[in-house]
> 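Take this structure first; my questions come after.
Positions are given from 1, in the same order as the sequence printed here.
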Amino acid sequence: MREYSFVLLSGGIGKRMQLNIPKQFLQLAGRPLFIHVLEKVDTIPEVKEIIIPCPEEFLQKTEDIIEDYGFTTQIRCIVGGSSRQESVYKALLQANYDYCIIHEAVRPFVSRDMFQALIDEVNENAIYGLDIPFTVLQGEEFVEGILQRDKLVNVQLPHKYNTKKLLYAHECAREEKIEFTEDAGLYYYYYKSQIKILQGSENNIKITKPIDRVIAEAIYKETVLMGD
């Protein structure tokens, strides 16, 4: 059985949400968004530790909230980086297991089954993705190129990777001062190796803007309260 370190990215500061607190603390059904994720992860035997990089000024608050829920998996909160990429890197430095799962605190509708399917996937590197249902063109001020929609993937989390290999890729990116928006692109850039794409979920949204809160309440009502 492969054993995993679980990295839960909680570095948001609520800027796009127009808040004075990080968005991971937003309440959904009476619980902070990141608690919804931890409740699912805590029941997965392959996950041996959870590492949560978060803003230094909210480190204690995060730890205090977690303590109220009595999770059984070992959880360590660490000071995150100034970017998403740096937060992942700092978490990987503290990971004790050969494989890791990376997820975002503001994707509360990920299911336990999605985590388990990721773990059960035979490829050691895997992500979730969705087809892109709209046309995408390349350009800035003017159209500069055409992209084939059927060859594009809307990347979702969670992801899983070989921990040492991902850490090495991060170290290379730091040395070369290259920034990536997520880890699949970073990993592929350095290894050009296979990363399995699993079918994502339309409900697995990332809550980053005010409208997302309205959508999240609707999803919660539809999938949890209605028992879908």
> In this structure, would Tyr168 and Tyr188 fall into the same cluster of hydrophobic residues linked by side-chain contacts under 4.5 Å?
yes
> Just by distance, with hydrogens left out, do Arg84 and Thr181 show a side-chain donor and acceptor under 3.5 Å apart?
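Short answer, no.
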> Under a plain distance cut-off of 3.5 Å, with no hydrogens placed, do Ser5 and Glu49 share a side-chain donor-acceptor pair?
yes
> Would Lys192 and Tyr190 count as a cation-pi pair here, with the cationic atom under 6.0 angstrom from the ring centre and within 45° of the axis?
no
> Using 30° and 60° as the class boundaries, would you call the ring planes of Phe6 and Phe115 parallel, tilted or perpendicular?
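Ring orientation of Phe6 relative to Phe115: perpendicular.
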> Determine the interplanar angle of the Tyr161 and His159 rings, folded into 0 to 90°, and report it as parallel if under 30°, tilted if 30 to 60°, perpendicular if over 60°.
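Geometry flag for His159 against Tyr161: perpendicular rings.
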> In terms of the angle between their ring planes, are Tyr220 and His36 parallel, tilted or perpendicular, with boundaries placed at 30° and 60°?
perpendicular
> If you draw a 6.0 Å radius around CD in Glu67, do more than 12 non-hydrogen atoms from other residues or ligands fall strictly inside?
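Not more than 12 within 6.0 Å, no.
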> List the steps, then state whether side-chain hydrogen bond (donor to acceptor under 3.5 Å, both in side chains) holds for Thr72 with Asp42.
CA-CA 7 Å; Thr72 58; Asp42 192 47; 3.3 Å; yes
> In terms of side-chain heavy atoms, does Thr163 have a donor or acceptor partner in Asp98 at a distance below 3.5 Å?
no
> Same cluster or not: are Leu59 and Val37 linked, directly or through other Ile, Leu, Val, Met, Phe, Trp or Tyr residues, by side-chain heavy atoms under 4.5 angstrom apart?
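Each belongs to a different hydrophobic cluster.
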> With the 4.5 Å side-chain cut-off for hydrophobic clustering, are Tyr99 and Ile101 part of the same group?
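Per the 4.5 Å side-chain linkage, Tyr99 and Ile101 are co-clustered.
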> Mind running side chain to side chain contact (heavy atoms under 4.5 Å, CB included) on Ile127 and Leu198 for me, showing each step along the way?
CA-CA 6 Å; Ile127 69 172; Leu198 305 180; over 6 Å; no
> Quick one: do Val7 and Val79 end up in the same hydrophobic cluster if we chain Ile, Leu, Val, Met, Phe, Trp and Tyr together by side-chain heavy atoms under 4.5 Å apart?
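Not linked; separate clusters.
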> Please identify each residue that fulfils side-chain hydrogen bond (donor to acceptor under 3.5 Å, both in side chains) with Glu3, with sequence neighbours left out.
none
> Could you tell me whether the side chain of Tyr191 reaches within less than 4.5 Å of the side chain of Asn125, counting heavy atoms only?
no
